[in-house]
Each structure stands twice: as structure tokens, then as C-alpha cells.
Amino acid sequence: MLINTPPCISTIVRIGALLVFLLTCGSYFLPHTYEVLPVFDIQILRAANLTSTSSTFNASVVEFWQDLASALLAATPQCKPLKVLKEHLHPEDTHFDPLETDRKAPDRLVDFTDQDETALFRAHYAMRTSAQHLAPRLPFAAGTTGIVTTANRKYMPVLLVSLRMLRRTGCNLPVQVFIDDWDTYDAPTCDILLPSLNARCVIISEIYSQGNNAELKLPEHYQYKILAILFSSFEHVLFLDSDAFPAYDPSVLFTTAPYTTHGLVTWPDYFALTVSPHYYHIASIPPEPVSTRFSTESGQILLRKSLHRESLLMMLYYNYFGPEYYYPLLCQGSHGAGDKETFVQAALAVGLPYYQVRTAPVALGRWWNGTYRGVGIAQADPGTDMEYLAPYPNAAHKTPHWENQDALVDNNLNRTRPRPFFLHQNTLKLFPHSLLLNPSDVTFKPDGTPQRMWGVKDDLEKLMGYDVEHRLWDVITEEACRWEEKGGDDEDDEDQEEARKERETCKRIREYVAQVFGVEGEHGPALATNIS
Ligand SMILES: *[C@@H]1O[C@H](CO)[C@@H](O)[C@H](O)[C@H]1NC(C)=O
Ligand SMILES: *[C@@H]1O[C@H](CO)[C@@H](O)[C@H](O)[C@H]1NC(C)=O
Ligand SMILES: *[C@@H]1O[C@H](CO)[C@@H](O)[C@H](O)[C@H]1NC(C)=O
Ligand SMILES: *[C@@H]1O[C@H](CO)[C@@H](O)[C@H](O)[C@H]1NC(C)=O
């Protein structure tokens with residue numbers, strides 16, 4: 001039995017826990033926090049310091065983290081950091097081809113010895129054992145569902161666009177925004193603006209620093225993602241990168257397969273797996289052939305903590321020792337190297353199920369002066385992906401989708417191909433203040449006329465069912481012109497300069513939207529903006 005259930009907890013402790021939970025998390029369920037607060041409440045809110053409240057972890061979480069931190073350090077690989085070949089991977093190695101069943105994974109580790117492998121193997125085994133012991137104590141509020149993301153000060157404007165897109169789908173699930181530390185915290189954003197969108201900031205350093213161990217390394221870039229999932233209070237988690245958002249309400253994903261059947265859902269990248277063959281020896285599991293699946297694109301992940309307790313702890317291990325050991329081992333310098341291959345591998349290492357969407361990602365972008373310019377990546381609906389049962393290409397059926405003649409086999413086979421669900425605008429980042437300043441961005445034709453960035457309206461509507469790019473620009477306008485609501489003149493020179501820039505950004509975006517989408521774009525068809 002891999003799923004450990006905690007031993008019986010006495011009723012008193014349960015009631016106590018419920019009270020603490022209601023006091024700390026209960027505000028999520030109170031409808032008044034969903035609405036934009038009247039001005040006189042703002043002072044009260046500031047006094048309450050919502051971020052400080054949402055970044056307070058109880059004694060059992062702190063104790064768990066201390067034990068987990070000790071387990072991580074006790075499982076430090078006793079060997080030198082790994083190195084991979086400097087030259088880029090050959091396109092043949094990163095091209096995914098399910099028909100090449102006997103293709104070998106590239107082996108690009110430099111000076112990797114048997115001693116290194118043994119050291120990594122022993123350390124991995126130590127962590128695997130600790131994960132088993134710690135798993136039953138993994139903290140989360142049972143039965144809760146929410147969305148988790150990370151943002152630093154720089155990415156907050158992008159996150160606000162994504163968050164507004166999420167709310168436009170009608171989704172009102174609570175969002176926890178994990179930010180590095182108090183230096184990256186901005187009080188008006190965290191304590192007024194985000195709460196008005198049913199989101200809360202959580203300061204990672206508040207819990208991380210309680211790891212109680214001077215040797216614990218501070219987290220870097222990619223590592224925040226797994227820490228956010230780990231420290232979020234939700235049992236059912238949709239993790240979204242700050243530049244990723246759904247085109248439809250994602251709430252349904254939590255109550256349908258593959259989430260309900262697998263508890264871990266990932267999405268594909270454009271590239272093949274480039275896991276080092278040594279990884280499988282280290283983890284003591286059978287190798288996953290490179291023709292099995294695409295590598296993972298981790299802009300969105302669904303994870304159920306109650307099922308994937310051990311996977312989550314191994315994900316943390318792979319990321320904690322990512323830069324020195326597991327990022328080179330699992331990616332070997334492939335595109336987007338980093339955390340992307342740590343999620344599925346962690347589930348494999350502990351023998352738990354995962355579902356990776358089969359439908360290949362679609363590029364968002366358009367042709368521009370003779371070359372295709374991708375600005376983002378669109379990922380399929382996992383529910384229809386699973387229903388559609390995309391054929392795995394083989395010698396008898398070479399395409400990854402059903403053909404008309406295949407319907408002869410099954411007359412009920414009249415399924416639509418899965419449509420994109422998540423949009424991850426990871427190349428042309430949606431910072432309102434820097435958008436539309438560069439005439440060689442896809443937002444303009446080569447002759448300088450403004451245009452859509454994701455191609456023709458009809459194609460997009462056919463693909464997505466509605467004009468999602470129009471909605472996106474409405475939301476960008478809403479975000480860029482938010483200063484209009486603030487009113488009041490700032491006395492400070494610096495603030496005045498800031499205000500002048502904000503006015504310019506708002507004007508620039510309005511003009512573009514009016515030219516490209518017509519005047520109705522200024523306010524737009526507000527769909528489900530009232531989320532209370
Ligand atoms: C502490 O917080 C966790 C996670 O939010 C919760 O599951 C647990 O019940 C809490 N423990 C106590 C003793 O309140
Ligand atoms: C909230 O509390 C934190 C930590 O005590 C502090 O750094 C921050 O400035 C507070 N925010 C406000 C708006 O008072
Ligand atoms: C398949 O779908 C089309 C369009 O929705 C419909 O006209 C057709 O009757 C369906 N065929 C079967 C076999 O259900
Ligand atoms: C478009 O491509 C042509 C040919 O490669 C080049 O000469 C021209 O400068 C390009 N135009 C722009 C606006 O980049």
C-alpha cells in the first residue's frame with residue numbers, strides 16, 4: 001500500500017484542527033472577500049495584514065518542514081556536481097518520434113564514474129525511504145481545491161493578466177500566489193488588489209527559513225514551483241506558471257478523469273525525452289523508452305496531494321538537488337532544462353500513476369515576413385484527450401489522431417479532437433508596460449500596421465470556440481488602465497512620472513485594441529467578471 005492514511009486522530013484534535021483551519025483559511029469561504037472592498041475597509045485590511053496571515057504556518061507544518069529539510073540534507077549525493085557536454089543536443093535527439101522504438105537516449109554526462117553513480121544511488125535510496133516515512137505527515141487541508149502560482153515583483157504584472165483571464169472563465173477557485181520574501185512583497189498588490197480577485201500572497205521565506213538548518217540552500221529560480229505546491233494548503237492543486245492561463249473554467253478538471261484516476265496530470269513539450277540512462281539505475285526503476293512520450297512542459301500541472309504524497313517529496317528532492325545533479329541527469333541540456341522532467345520521474349520513482357496529455361502542444365503565434373514566430377504554447381484539454389484516446393502512432397497507423405476510415409472499426413467513434421485548454425504565453429511576455437513598443441513584434445505587420453498576434457480570427461474561433469485573443473486584449477487593457485480607478489493626484493515627482501507612464505501604456509493599448517478589434521474592444525463583452 002503506497003497511500004498511507006494517518007492513524008486515528010482523536011476527536012478533540014480534529015475539532016481543534018477544524019477551528020484553526022476555519023480561523024486561518026475560513027476567510028476564503030466568506031463571500032465579502034470576493035468583492036472589491038469599499039475604501040473605508042482598506043485601512044482595516046492593512047491592519048489585518050492578509051499576507052502575514054496567509055504566510056503563517058502552524059507548528060505541525062513547521063515541524064514537518066524541519067524533518068523534511070533534515071531528510072533532504074541527509075540524502076545529499078556524496079559526489080561532485082554533474083556536468084553535461086557543452087555543445088547543443090543534436091536535433092535528432094530532441095525530435096520526438098514514437099515510431100523509433102529502438103532509439104537510445106543520449107548519454108551526455110561528462111566524467112561520470114561508477115562511483116558517482118553509486119553515490120547518487122545511495123542518496124536516492126535514502127530520500128526514497130525518508131519520503132515513505134514522512135508521507136503520512138504531509139500537511140494539507142483535506143478536501144480543499146485551489147490554484148497555485150509563483151511570482152516575484154517583476155512578474156506580478158504578467159500574473160495579474162493571467163489571473164484576470166482565469167476569472168473571466170467564471171472560475172472562482174482560491175489562488176495562492178507564492179512570492180520569494182518580504183522584499184518582493186508589495187502591500188497594495190498583495191493585500192488589496194489580489195484579494196479582490198480571490199487570491200492571496202504567501203511569503204515562501206516565512207516557512208522556508210524555519211527549516212532550522214544552516215546548511216539548507218536558499219531556493220533559486222526553478223525551485224520555487226515545487227515549494228509553492230508543497231507549502232500551499234490545498235489538497236487538490238492546479239499549478240500555473242505566472243504566464244499561463246486557462247481558456248475555459250478549469251474547475252471541472254478536478255472532478256473528472258484523468259485527474260480523478262491518476263492524481264498527477266502533466267502536459268507535453270515539443271521535444272523528446274533526454275533523460276540520462278544513468279537516472280534509471282540511480283532510481284532503481286526500469287527505463288522509460290524515449291519513444292514513450294514527449295518530455296514535459298511544466299507551465300501547468302495538476303496534483304492531488306493525498307495520492308501523490310511520496311511523489312511530491314521526491315519532486316522536491318529532484319529540484320532541491322536540481323542544479324547540481326538532477327537537472328543535468330533528467331534533461332542533459334535539452335530545451336528549457338530545469339524542473340520540467342522532475343514531476344513525472346518522481347511519480348515513476350515511487351510507483352504512482354501519472355497521466356501526460358498525448359495531444360501535442362500547438363504553437364501560438366503567426367507567420368511574420370517569411371518565418372513562423374511563436375509567442376506561446378497551447379495545451380490540450382486533458383478530459384477530451386483521454387476520451388479521444390489518441391492512437392499511439394505505430395507501423396499500422398502512423399498518425400497520432402483518428403482518421404475517417406478508423407471510424408469503421410467503431411461506429412460510435414465520432415469524437416472531436418481535444419482543443420487547447422491552457423495558453424502559456426511564454427515567449428512574448430504580457431507585460432502591459434512593454435507590450436507594443438517593438439515594431440518587429442508579431443503584434444505588427446512588417447509594414448508597421450497593428451495586427452493580432454495569434455493569427456486570423458476565424459481560425460482561432462474554430463480552434464477555441466471563441467475569440468480568446470480578443471478577450472485577452474480586453475484583460476490587458478483592464479490591467480493597463482487600472483490606474484483610472486485609483487484616481488487622486490500623487491504629490492511625489494517620482495509618482496507623477498510613474499503616473500505619466502501608466503497613462504501612456506493605457507493609451508497605447510487602447511489604440512491598438514481599437515484598431516485591431518474594433519471599438520467594442522475598449523470595454524468588451526465582460527464574461528463572468530462578477531465572481532462572487
Ligand atoms: C496545520 O496546518 C495544516 C495545513 O494547513 C493542517 O492540515 C493541520 O490540520 C494544521 N494542524 C493543526 C494542529 O492545526
Ligand atoms: C505585513 O507584515 C509584514 C511582516 O510583519 C511586514 O513586512 C509588512 O510590511 C506588513 N504589511 C503592511 C501593509 O503593514
Ligand atoms: C458525427 O458527427 C456529425 C457532426 O456532429 C454528425 O452529423 C454525424 O451524424 C455523427 N455520426 C455518427 C456516426 O454519430
Ligand atoms: C523581411 O524580410 C526581407 C527578406 O529577408 C528583409 O529584406 C526585410 O528587411 C524584412 N523586413 C522586416 C520589416 O524585417
Side-chain angles (χ1 to χ4, degrees), residues 4-29 37 41-68 134-146 148 153 174 176-195 200-210 227-237 304-306 309 312 366-373 438-451:
N4 298 292
T5 36
C8 290
I9 311 166
S10 85
T11 318
I12 295 174
V13 173
R14 272 195 223 165
I15 293 173
L18 181 68
L19 281 177
V20 171
F21 170 65
L22 285 177
L23 284 173
T24 52
C25 313
S27 56
Y28 276 131
F29 305 112
L37 292 149
D41 270 359
I42 289 173
Q43 287 315 106
I44 303 170
L45 243 181
R46 279 220 177 120
N49 200 337
L50 284 180
T51 304
S52 177
T53 309
S54 54
S55 311
T56 305
F57 294 84
N58 69 29
S60 72
V61 178
V62 172
E63 200 185 309
F64 174 81
W65 170 233
Q66 287 171 349
D67 293 348
L68 176 54
L134 288 165
R137 287 168 53 208
L138 181 75
F140 56 83
T144 55
T145 302
V148 173
R153 196 189 286 274
Q176 292 177 343
V177 181
F178 283 77
I179 60 178
D180 313 7
D181 50 37
W182 287 108
D183 293 341
T184 34
Y185 155 86
D186 174 60
T189 308
C190 280
D191 291 339
I192 299 167
L193 183 57
L194 287 175
R200 293 284 187 283
C201 289
V202 184
I203 311 282
I204 293 185
S205 65
E206 280 288 303
I207 176 74
Y208 197 87
S209 63
Q210 297 191 66
L227 291 173
I229 299 174
L230 177 70
F231 293 130
S232 82
S233 59
F234 307 126
E235 173 185 349
H236 305 279
V237 175
R304 179 171 151 208
K305 286 189 189 166
S306 50
R309 294 163 190 267
L312 182 53
R366 67 187 306 166
W367 287 92
W368 200 89
N369 199 25
T371 38
Y372 188 80
R373 302 265 300 270
N438 184 354
S440 58
D441 276 341
V442 287
T443 42
F444 302 98
K445 292 182 185 150
D447 71 5
T449 331
Q451 65 168 358

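Order of appearance sets the numbers: ligands from 1, and atoms from 1 within every ligand. All values below come from the heavy atoms of this structure, side chains included, with hydrogens, waters and symmetry mates left out.
- Nearest heavy-atom pair, Ser55 versus Thr51, reported as atom, atom and distance to 0.1 Å: OG-O, 2.6 Å.
- Close contacts between ligand 2 and Asn49 involve ligand atoms 1 (C), 2 (O), 3 (C), 8 (C), 10 (C), 11 (N), 12 (C), 14 (O) [criterion: under 4.0 Å to a heavy atom].
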Which N/O atoms of ligand 4 sit under 3.5 Å from a protein N/O, and at what distances?
{"unit_1": "ligand 4", "atom_1": "2 (O)", "unit_2": "Asn369", "atom_2": "OD1", "d": "3.2"}
{"unit_1": "ligand 4", "atom_1": "2 (O)", "unit_2": "Asn369", "atom_2": "ND2", "d": "2.4"}
{"unit_1": "ligand 4", "atom_1": "11 (N)", "unit_2": "Asn369", "atom_2": "ND2", "d": "2.8"}

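- Interface of Ala187 with ligand 2, defined as ligand atoms under 4.0 Å from a residue heavy atom, comprises 13 (C).
- Side-chain atoms of Ser54 and Gln176 include no donor-acceptor pair closer than 3.5 Å.
- Between Ser52 and ligand 2, a contact under 3.5 Å exists for no N or O pair.
- Rounded to the nearest 0.5 angstrom, Cys201 SG and Phe178 CZ are separated by 10.5 Å.
- Near Phe140, the atoms of ligand 1 lying under 4.0 angstrom from a non-hydrogen atom of the residue are 7 (O).
- Rounding to the nearest 0.5 Å gives a distance of 11.0 Å between CH2 of Trp65 and CD of Gln210.
- Atoms CG and OH, from Leu230 and Tyr208 in turn, are 10.5 Å apart once rounded to the nearest 0.5 Å.
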| Asn58 and Ser60: side chain to side chain donor-acceptor pair (under 3.5 Å), yes or no, with the steps? | CA-CA 6 Å; Asn58 69 29; Ser60 72; 3.0 Å; yes
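- Side chains of Phe57 and Phe231 form a contact here, defined as non-hydrogen atoms less than 4.5 Å apart.
- A salt bridge does not link Arg153 to Asp183: none of the charged side-chain nitrogens sits closer than 4.0 Å to a carboxylate oxygen.
- Below 3.5 Å of separation, one finds no N or O of Ser233 facing any N or O of ligand 1.
- Ligand 2 has no nitrogen or oxygen under 3.5 angstrom from a nitrogen or oxygen of Trp182.
- The backbone N or O of Ile179 lies less than 3.5 Å from no partner atom in the side chain of Thr184, so there is not a single donor-acceptor pair.
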